[in-house]
Amino acid sequence: MRKNIKIAVSAALICVCFLGCVKQKPDISFDVRETTAAGITNSGETTVPSTQHVTRELSENLFIDAEAVIPEKNEYSTYTLKMVDCDPLFNLFCPEGYGSYTKEDRGNCIVYDESTGKRLVVYEKYQNEIRYTTYNFKTEERPMQDVETLMYYHSLVYPHTEPHDLSFMNVEEMKAYGNDVLIQLGISWEPMLLRCVTLSGQELLDFQEELFGNGNNELFMTPTALTETTDTCYLQFNFAFDGIPLIGFEEPNVSSYEEFFPMEVTATIMFNADGIQSCTVSCPCTIEATSDPQQILNLEGAITLLKDKYDLQILYEPLKFTDIWMEYIPVKRDEAWVLTPYWCLRQINEESKGSLSYFGSAQRFNAITGKDLTYGG
């Protein structure tokens with residue numbers, strides 16, 4: 001398997017550019033990340049977005065003191081989406097080979113169970129997502145699930161830790177390998193590496209002891225019980241399209257009164273010397289239809305929409321918005337998922353800023369129609 005990974009990495013390193021992780025000494029505190037990734041155009045060219053600082057009092061107790069990311073164009077399209085072909089995808093996740101498998105349609109998802117315990121679950125009815133694991137949730141002993149739990153918690157507790165080489169691969173090869181898997185999946189989005197977590201087997205055991213040793217469970221996490229493990233890499237990806245980021249990790253949650261919540265577009269890949277152990281991709285889609293480019297609201301238009309919304313409310317305490325950007329969000333339109341541009345204006349509660357997994361709250365407005373996403377706009 002190591003040879004197979006090395007071959008894939010060599011090819012990927014030729015054409016892939018990487019985002020580095022921020023070098024910072026590990027700290028138990030929890031910080032809100034406030035970085036914006038560069039965009040990707042349809043031609044594959046990387047663009048550096050321009051920014052504009054906005055300081056303004058919109059009304060009583062409503063303020064903007066924000067860094068606004070300005071879109072490169074005045075017109076953008078919407079895109080009707082189609083799920084990539086997922087039948088069965090074991091050839092992508094198991095290049096070393098796989099056994100026979102069964103296929104079961106459970107109504108809300110299709111489950112592929114491979115003879116050695118690998119499983120692929122494809123969700124398409126209510127959301128678009130694929131989830132691959134080498135372990136079976138029904139078994140009592142599933143060390144890879146415990147490893148994945150620890151890798152995920154490490155990404156929360158130490159979000160800025162710089163990755164290091166592992167026994168089976170160096171950092172650049174690991175990044176290239178994960179990027180190449182997503183490209184081979186056939187999705188239309190450009191992967192944007194958010195975080196690369198690398199832990200040796202001993203570091204995993206040490207982190208397990210840090211979280212759960214001596215009965216420590218203050219963060220209400222699910223305990224793990226590993227006695228031995230191996231070097232592991234855990235990658236988190238956001239995505240971009242047409243120079244605009246897609247809604248992803250480390251963003252305010254979407255509020256909506258609609259039956260179908262807008263999807264985040266993210267991916268996680270965990271692998272070791274034996275290959276991919278888990279992979280989850282949300283919105284693994286291609287484009288089925290493209291609308292004609294349409295005029296979008298400019299920054300001033302987005303700010304006006306924010307003011308108009310709060311003109312209908314009484315604010316008893318100051319409310320300050322600190323970040324503004326435009327992003328693509330998959331939303332349900334009739335029976336189809338449609339990638340649609342939205343202005344996102346984020347507000348950070350200072351009292352909650354240090355909390356685990358807190359990334360603020362946001363108001364989102366359709367960049368073409370001006371309608372509020374909260375009410376299905």
Output yes when a side-chain donor or acceptor of Thr369 lies under 3.5 Å from a complementary backbone atom of Lys371, and no otherwise.
-> yes
Given side chains that start at C-beta, do those of Gln202 and Thr229 come closer than 4.5 Å, heavy atoms only?
-> no
Answer yes if the side chains of Ser291 and Thr78 hold a donor-acceptor pair under 3.5 Å, and no otherwise.
-> yes
What is the minimum heavy-atom distance between Asn366 and Tyr342, and which atoms define it?
-> N-CD2, 3.2 Å
Taking the six-membered ring for Trp, are the ring centroids of Phe63 and Phe321 within less than 6.0 Å of each other?
-> no
Does any donor atom in the side chain of His53 or Asp65 lie under 3.5 Å from an acceptor atom in the other side chain?
-> yes
If two hydrophobic side chains count as joined below 4.5 Å and joins carry through other members, does Val111 share a cluster with Leu120?
-> no
Determine whether Tyr123 and Val281 fall in the same hydrophobic cluster, where Ile, Leu, Val, Met, Phe, Trp and Tyr are linked whenever their side-chain heavy atoms lie under 4.5 Å apart.
-> no
For the pair Phe241 and Tyr79, evaluate ring pair (Phe, Tyr, Trp, His ring centres under 6.0 Å) and give the outcome as yes or no after the intermediate values.
-> CA-CA 11 Å; Phe241 182 73; Tyr79 303 90; 5.0 Å; yes
Specify the closest pair of heavy atoms between Leu235 and Gly178, including all atoms of both residues, with the distance to one decimal.
-> CD1-CA, 3.6 Å
Test item: Leu185 and Leu89 side chains (from C-beta on) under 4.5 Å apart, heavy atoms | yes
Check the surroundings of atom CD in Glu67: do more than 12 heavy atoms from other residues, nucleotides or ligands lie under 6.0 Å from it?
-> yes
Would a distance-only check, ignoring hydrogens and angles, find a side-chain to backbone donor-acceptor pair under 3.5 Å from Gln295 to Glu75?
-> no
Pairwise distance OG(Ser155) to CD(Glu250) - rounded to 0.5 angstrom | 8.0 Å
Begin with the C-alpha distance, continue with both residues' side-chain angles, and end with the deciding distance and a verdict on side-chain contact (heavy atoms from CB on, under 4.5 Å) for Leu345 and Asp323.
-> CA-CA 6 Å; Leu345 300 94; Asp323 300 278; over 6 Å; no
Taking a hydrophobic cluster as the set of Ile, Leu, Val, Met, Phe, Trp and Tyr residues connected by side-chain heavy atoms closer than 4.5 Å, whether directly or through intermediates, do Leu92 and Val121 fall within one such cluster?
-> no
Can Thr280 and Arg131 be counted as having a side-chain donor-acceptor contact under 3.5 angstrom?
-> yes
Could you please spell out the steps behind the side chain to side chain donor-acceptor pair (under 3.5 Å) verdict for Gln347 and Lys320?
-> CA-CA 6 Å; Gln347 183 257 337; Lys320 183 170 69 174; over 6 Å; no
Connected via hydrophobic side-chain network under 4.5 Å: Val338 and Ile247 | no
Mark yes when over 12 heavy atoms from residues, nucleotides or ligands other than Lys82 sit less than 6.0 Å from its NZ; otherwise mark no.
-> no
Val197 side chain reached by Thr161 side chain, heavy atoms, under 4.5 Å | no
Over-ring placement of Lys73 relative to Tyr76, 6.0 Å and 45° cut-offs = yes
Taking all non-hydrogen atoms of both residues into account, name the closest pair between Thr286 and Gly186 and its distance.
-> CG2-O, 3.2 Å
Could you walk me through whether Lys103 and Asp113 pass the salt bridge (charged side-chain N to carboxylate O under 4.0 Å, His left out) check?
-> CA-CA 7 Å; Lys103 177 180 178 180; Asp113 279 320; over 6 Å; no
For Asn298, does the CG atom sit with more than 12 other heavy atoms under 6.0 Å from it, leaving out its own atoms?
-> yes
About how many Å separate CZ of Phe365 and CG of Leu297, when rounded to the nearest 0.5 Å?
-> 10.5 Å
Does the pair Thr340 and Ile329 meet the rule for a side-chain contact (heavy atoms from CB on, under 4.5 Å), with working shown?
-> CA-CA 5 Å; Thr340 306; Ile329 302 177; 5.8 Å; no
Measure from the side-chain N and O atoms of Glu251 to the backbone N and O of Gly248, and report whether any donor-acceptor pair falls under 3.5 Å.
-> yes
Ignoring hydrogens and geometry, is there a side-chain-to-backbone donor-acceptor pair from Asn128 to Pro284 under 3.5 Å?
-> no
side-chain contact (heavy atoms from CB on, under 4.5 Å) between Asn238 and Leu246: does it pass, once the steps are laid out?
-> CA-CA 7 Å; Asn238 284 329; Leu246 277 65; over 6 Å; no
Is the closest side-chain donor-acceptor distance between Gln208 and His154 under 3.5 Å?
-> no
Correct closest heavy-atom pair for Glu210 and Tyr158 would be OE2-OH, 2.7 Å
Pair Cys283-Leu81, side-chain contact (heavy atoms from CB on, under 4.5 Å): steps then yes or no | CA-CA 9 Å; Cys283 197; Leu81 305 181; 3.8 Å; yes
Classify the angle between the aromatic ring planes of Phe90 and Tyr132 as parallel (below 30°), tilted (30 to 60°) or perpendicular (above 60°).
-> perpendicular
Picking from Glu148, Lys118, Met144, what satisfies side-chain contact (heavy atoms from CB on, under 4.5 Å) with Gln277?
-> Met144
So which heavy atom on Ala336 is nearest to which on Thr80, and how close?
-> CB-CG2, 4.0 Å
Could you tell me whether a side-chain N or O of Asp231 sits under 3.5 Å from a main-chain N or O of Gly201, the two making a donor and an acceptor?
-> yes
Looking only at heavy atoms, what is the nearest atom pair of Ala362 and Cys344, with distance?
-> CB-SG, 3.7 Å
Backbone N/O of Thr230 and side chain of Thr232: donor-acceptor pair under 3.5 Å = yes
Would Ser282 and Glu264 count as having a side-chain donor-acceptor pair, cut-off 3.5 Å?
-> no
Linking I/L/V/M/F/W/Y whenever their side-chain heavy atoms sit closer than 4.5 Å, directly or via other members, would Leu182 and Trp189 fall into one cluster?
-> yes
For the atom pair OH (Tyr234) and CD (Gln236), what is the distance rounded to the nearest 0.5 Å?
-> 4.5 Å
Separation of Phe93 CZ from Phe271 CZ (nearest 0.5 Å) | 13.0 Å
In Å, rounded to the nearest 0.5 Å, how long is the span from CG of Asn272 to CG of Leu199?
-> 12.5 Å
Under 3.5 Å donor-acceptor, Thr198 side chain and Asp165 backbone = no
Residue pair Lys307, Glu57: steps toward the salt bridge (charged side-chain N to carboxylate O under 4.0 Å, His left out) verdict | CA-CA 10 Å; Lys307 180 181 183 304; Glu57 181 176 357; over 6 Å; no
Indicate yes or no: does Glu173 engage Lys175 in a salt bridge with an N to O separation below 4.0 Å.
-> no
Is there side-chain contact between Asn91 and Tyr98, with at least one heavy-atom pair below 4.5 Å?
-> yes
Cys233 SG to Ile269 CD1 distance, which is reported to the nearest 0.5 Å | 9.0 Å
Is Trp337 reaching over with its side chain to a backbone N or O of Gln127, donor-acceptor style, under 3.5 angstrom?
-> no
Check: Glu203 main-chain N/O paired with Ser200 side-chain donor or acceptor under 3.5 Å = yes
Answer yes or no: does atom CD of Glu228 have more than 12 heavy-atom neighbours from other residues, nucleotides or ligands under 6.0 Å?
-> no
